[in-house]
Peer 1: 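Supplied in structure tokens, the structure appears directly below.
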Amino acid sequence: MNALALEADAGMLTPRRTVLAYLTEIRFEFMRLLRNPALVAPVMLIPVALYLLFAVVIWGDAVARDRGTAIFFFAAFSVMSVTMPALFSISSSLGMEREMGLMQFKRAQPAPAGSWLVAKIVCGVVFCLLAYLPMLVAAIWAGTLPLDAGQMVSMSLAMMVGAIPFCALGLMMGALVKGSAAPGYANVIYLPGCYLSGLFFPLKESMLGQAHLWPQFYVNQLALQAVGISKPWFVSTQMAIGALLGFTVLFSAVAIWKLARKG
Amino acid sequence: MSNTDSPRLDPQPSSGERLHALDAVRGFALLLGVAFHATLSFLPGIPPGIWSMVDNSPSPLLSDAGFVAHIFRMSLFFFIAGFFARMLYHKLGKRGFWANRALRIGVPLVVGWIILWPIIVAIWSAGMNKFFGGHVPAMPPMPTVPGAFPLTHLWFLYQLLLLYVAVTVVRAFIVPFDRAGRVRCFVDMVVTSSLRLPVAVLLLGIPVALALIAQPMWFYWMSIPTPDGSLIPQVPAMAGFGTAFAFGWLVNRATGALQAIERGWLPNLLLAVAGTAWLMHTMHASPMAQPGLTKTIYALVLGVTIWGWVLGLTGAALRFLSNYSATRRYIADASYWIYLAHLPVVAGLAVWVGQWPVSWMLKYPFILVVSFAVLFGSYHLLVRHSFIGQLLNGRKYPWRKPKLEPVAPQATVAPPAGTDGRGPVAELRAITKKYGTTVALNDVNIDLRPGELLAVLGPNGAGKTTAISLWLGLTEADSGEVTLLGGSPLEIERRRGLGVMMQDVEMYKELRVRELITLASSYYAQPLAVDETLRRAGITALANRPYGKLSGGQKRQTQFAVAICGRPRVLFLDEPSVGLDVQARELLWLNVRLLLAEGCSIVLTTHYLEEAEALATRVAVLARGRVIASGSVPEMRALVARRQISCESKISVDEVRTWPGVIEASRVHTRLNIVAAEAEPMVRRLLAEDPDLRRLEVREAGLAEAFTELTKEAA
């Protein structure tokens, strides 16, 4: 090792500074999201507005009569509320950053390994929580959520876990397409997934096979099983977690591969 | 590199990054073996005696996890072993190689077996007693196998010795018949091409598949059956692990093979994941192979999957773990000892917890945590600093680290005068880089010396941006070597000494200037205070303004602040003064001079030649991907042997143009302007022809003229 290399090694971050670097990255990523009202407002308002429209105004009687229907509605719109911000905010912001040359610039900087990735995923999950909480408050306020406190916590945890693969999907989209085109491409994946995964209506048996291709399917399964609802065609909790983990690894790997090569 | 199959090498500043990655892979394969053996007591339906204990909380999940790990871990190990074996062979020669292997492999095999075998027998016996409540039934006799010998988990050392013999014999046959090296060059080409295409995973899977198809008794879960019960070489192991070892050897030979493995990491890993999913599905349907099409397909998919994992994991390590890490190095050093010593520890713990009324979800992590604590502890206390470490790793670490001279923060380093006797802080050596058929850089050599400002000049498309990108680790050269602060620019430790101001980069428009600097400062060990950075860059007044609302010049000033906030030892400034007003440009120049005085080395690209003339210690001119000239500013001016002479005179321009030595002549109002090869004869003639001439000025060619002339010639 020569003198230059020794001096370079002397510039290594202490564990404390490394943690600080990750936290700083997360903090500013979050501030960026909050300072972008054009992105924050729709993802926080649309799911809760749709939930109130369908579960309270249109199907209010059915929801009041049947516990299963009430939970089915809440789970469906909750999945929508957590997956939307994860996918759309990350894909468009990352796409824009790539267009601005920021990802190339970040590669040249000595940021700790994967700090931007951690920041994006953490902020994506927190953003999902912010979008999910109004849903939860609205459902409790409207009396359309027949769950005890423990079940609410279980379902909320399932939602947060379910947001992670969508953060990874957002990263992949942002890594592959331009920022301006990202919302369009994201919709091409997101909307069919919402319907074909059986989120909003029970699927016919002939359609169950393809449902396994959509991450929304597993998030919904996880959320329903978290509150004790299970049907014969459901997959096991382990399989739902395994599938979501698999999607996360796949999407993240493609994103990292693309960004590591081109930025 | 270390331990079982490689010499001890210190991290190399230039090529070392490859070795760090492979060292990490080898350590990973060995530690994965510990985790794998810890799963065995939890396998559902495992017969007593196969492992030390049958746990009362079996786990299908651990069975599947163990299966996945077992698919590739030993092939991965033998692949890396082959790579390092060739490196060692060429470093030490045949005799030295065998002496080294005898010590590092032979001695641990013999001594390790003598110590471990009685302990293993005792633990197995304790496990059987515990499982059967003290009444162990008579076991059926083991089938007689030629050369039977309980090698235990040390079989891999014996297998390595067999492979060393095999490769030495093969080499002894090939080398005399291929003195010109044509055959070996052809093999190198095949290796690299198969990795690039990429068909290597398919081709390499065939030998192991054929060997497994021929096996009459094959339990799918075992993948390649381990040859731990006989001294006679076993066909599946020789085919599977022999292919891995031989390919590792060949990859070490073939130029560009490692790069090809690195590029293909993701497709190979995806292939491995898909193959593993199919293998698990098939294995669940029927655990024992039956002769027929399913067995054949299973064997072929297994072969491809093994190589998907081997090349995918190696490529991912080359991509992401190529830098030096003290932690990874420690773990890699420890892994050989840990693997040698782990079996009694893991098996003993399995016996201890085997009948606890607790789920495997608690017992398995418990076994792992306690095992690794004991094994790492024993490595640190008994091995690392003792003769055992010397034997296993070729190095005995002193208990106390040698004291290094403290390195002062860059801002307080005394200003070096030009070169301080050390080598360049950044270097491009024999670099060639192509984009498709376009040659961006062609055999380029540039170095940046400590404390100097190197101006890299050139017309658009000359290769300046490519050169900078190479130094920043944003792109990789097709050939040649890039160094930054004594290592690869891909290493994060090197980039911590780097500041960058790039062209055409926008920063986060939602963040304020202060926040952008705070974020960038968090990446460095000893950054400037944020207020100090703002003050130096002259943007204190902009601190709380959102970046998106700044003018173009203010954005450049902010980018400069971000570039200098980490007290860089090397600073890259790509067109830094574009868009700056006169005052801001003067402040930038002042800052650049201050940084130079502090010992910072700077690479500047600019189209403003007066900027380069004012700041540069040296200049390198690029054109059409080549360095066409380099030297100090006066040296560059001298390359263009011209003088500009100007005076007020009545002599006609047409007459002057006929004089010898005149390159160009023109008149603007009363003023006569002449460009001549030499000034003195021209001045003498002017005074002779017109004694009344006035306001005579003689000026040598500027950098701008030199640049124009040089690039015109190159074009």
Side-chain angles (χ1 to χ4, degrees), chain A residues 1-14 17-25 27-29 31-36 39 93 96-97 99-116 119 238 242 246 249-250 253-258 260-263, chain B residues 10-13 16 61 263 265-266 269-270 273 277 316 319-320 324 326 404-407 422-423 425 469 472-474 483-487 489 491-498 500 502-511 515-516 518-526 546 562 566 569 572:
Chain A
M1 202 184 290
N2 62 25
L4 286 169
L6 275 176
E7 286 181 31
D9 288 342
M12 287 168 73
L13 292 187
T14 60
R17 281 204 69 86
T18 305
V19 171
L20 193 68
Y22 278 98
L23 292 177
T24 309
E25 193 87 48
R27 182 178 134 215
F28 287 125
E29 181 68 25
M31 284 168 73
R32 289 182 53 226
L33 279 176
L34 290 184
R35 287 175 187 171
N36 208 335
L39 185 68
S93 75
M96 297 298 273
E97 285 164 26
E99 279 182 62
M100 295 189 310
L102 250 172
M103 293 313 295
Q104 284 245 339
F105 182 61
K106 277 206 168 278
R107 280 173 63 202
Q109 287 186 310
S115 61
W116 67 270
Q238 287 94 326
V249 170
L250 175 70
V254 174
I256 292 169
W257 185 58
K258 173 69 173 44
R261 285 182 153 213
K262 298 270 183 190
Chain B
D10 283 332
Q12 299 297 306
L61 186 67
R263 285 194 196 109
W265 72 271
L266 184 61
L269 273 188
L270 292 178
V273 170
R319 188 76 194 86
F320 301 108
Y324 172 73
L404 297 174
E405 287 299 313
V407 179
R422 297 184 299 177
V425 287
S469 297
L472 298 180
L474 300 177
T483 57
L484 175 72
L485 291 170
E491 294 175 14
I492 195 167
E493 286 79 15
R494 313 297 154 215
R495 293 208 303 276
R496 288 224 168 84
L498 184 72
V500 192
M502 290 168 79
Q503 211 183 344
D504 301 328
V505 167
E506 280 285 308
M507 311 201 89
Y508 296 121
K509 63 181 169 43
E510 300 90 353
L511 294 185
E515 291 166 347
L516 286 167
T518 305
L519 178 61
S521 299
S522 73
Y523 302 151
Y524 295 93
Q526 294 169 316
V562 166
R569 300 186 58 229
F572 287 87

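As the structure is a computational prediction, the values presented were derived from the model and not from experiment.
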Peer 1: Name the region of B/Phe572, side chain, backbone, both or neither, that has any atom closer than 4.5 Å to a heavy atom of chain A.
Peer 2: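 B/Phe572 has no heavy atom closer than 4.5 Å to chain A.
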
Peer 1: What heavy-atom pair brings B/Val500 and A/Ala108 nearest, and what distance separates the two atoms?
Peer 2: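 Shortest heavy-atom separation between B/Val500 and A/Ala108 comes out as CG2-CB, 4.1 Å.
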
Peer 1: Top residue by heavy-atom pair count (under 4.5 Å) with chain A, among B/Val505, B/Thr518, B/Leu516, B/Leu61?
Peer 2: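 Heavy-atom pair counts peak at B/Val505.
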
Peer 1: Do B/Tyr508 and A/Glu29 pair up side chain to side chain, a donor and an acceptor below 3.5 Å, judged on atom types alone?
Peer 2: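 Distance-only check fails for B/Tyr508 and A/Glu29.
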
Peer 1: Give me the atom names and distance for the closest heavy-atom approach of B/Leu474 to A/Gln104.
Peer 2: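 Here B/Leu474 and A/Gln104 meet closest at CD2-O, 3.3 Å.
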
Peer 1: To the nearest 0.5 Å, what is the distance between CE (A/Met31) and CG (B/Leu519)?
Peer 2: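 Here the interatomic distance stands at 10.5 Å.
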
Peer 1: Tell me, side chain or backbone of B/Val562 under 4.5 Å from chain A's heavy atoms, or both, or neither?
Peer 2: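 Side chain of B/Val562 only, per the 4.5 Å heavy-atom cut-off to chain A.
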
Peer 1: Looking at A/Gln109 and B/Ala520, what are the two nearest heavy atoms and their distance?
Peer 2: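 A/Gln109 and B/Ala520 have their closest heavy atoms at NE2-CB, 4.0 Å.
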
Peer 1: So which heavy atom on A/Pro110 is nearest to which on B/Arg495, and how close?
Peer 2: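 Closest heavy-atom pair between A/Pro110 and B/Arg495: CG-O, 3.5 Å.
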
Peer 1: Please look at B/Leu270 and chain A and tell me whether the side chain, the backbone, both or neither of the residue comes under 4.5 angstrom of a heavy atom of that chain.
Peer 2: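 For B/Leu270, the contact with chain A is made by the side chain alone.
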
Peer 1: Which value, rounded to the nearest 0.5 Å, describes the distance between B/Leu511 atom CG and A/Arg35 atom CZ?
Peer 2: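 These two atoms lie 6.0 Å from each other.
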
Peer 1: Nearest 0.5 Å, what's the CG-CG distance between A/Leu250 and B/Leu269?
Peer 2: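 One finds 11.0 Å between CG of A/Leu250 and CG of B/Leu269.
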
Peer 1: A/Glu97 versus chain B, heavy atoms under 4.5 Å apart: side chain, backbone, both or neither?
Peer 2: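 Contact with chain B: side chain only.
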
Peer 1: Nearest 0.5 angstrom please: A/Phe105 CZ to B/Met502 CE, how far?
Peer 2: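 So the gap between those two atoms works out to 7.5 Å.
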
Peer 1: Between A/Arg32 and B/Glu510, is there a donor-acceptor pair closer than 3.5 Å when you use the side chain of the first and the backbone of the second?
Peer 2: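 A pair under 3.5 Å: no.
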
Peer 1: Ignoring hydrogens, what is the shortest heavy-atom contact between A/Ala253 and B/Trp265? Give both atom names and the distance.
Peer 2: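 For A/Ala253 versus B/Trp265, the nearest heavy atoms are O-CH2, 4.0 Å.
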
Peer 1: Under 4.5 Å heavy-atom distance to chain A, tell me which part of B/Ser469 shows up: side chain, backbone, both or neither.
Peer 2: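 Answer is neither: B/Ser469 stays 4.5 Å or more from chain A.
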
Peer 1: Return the CD to CG distance between B/Glu506 and A/Leu102, rounded to the nearest 0.5 Å.
Peer 2: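 One gets 8.5 Å once the value is rounded to the nearest 0.5 Å.
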
Peer 1: Looking at every non-hydrogen atom in both residues, tell me the closest pair between A/Val254 and B/Leu266 and how far apart they are.
Peer 2: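 Reported closest heavy-atom pair: CA-CD2, 3.8 Å.
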
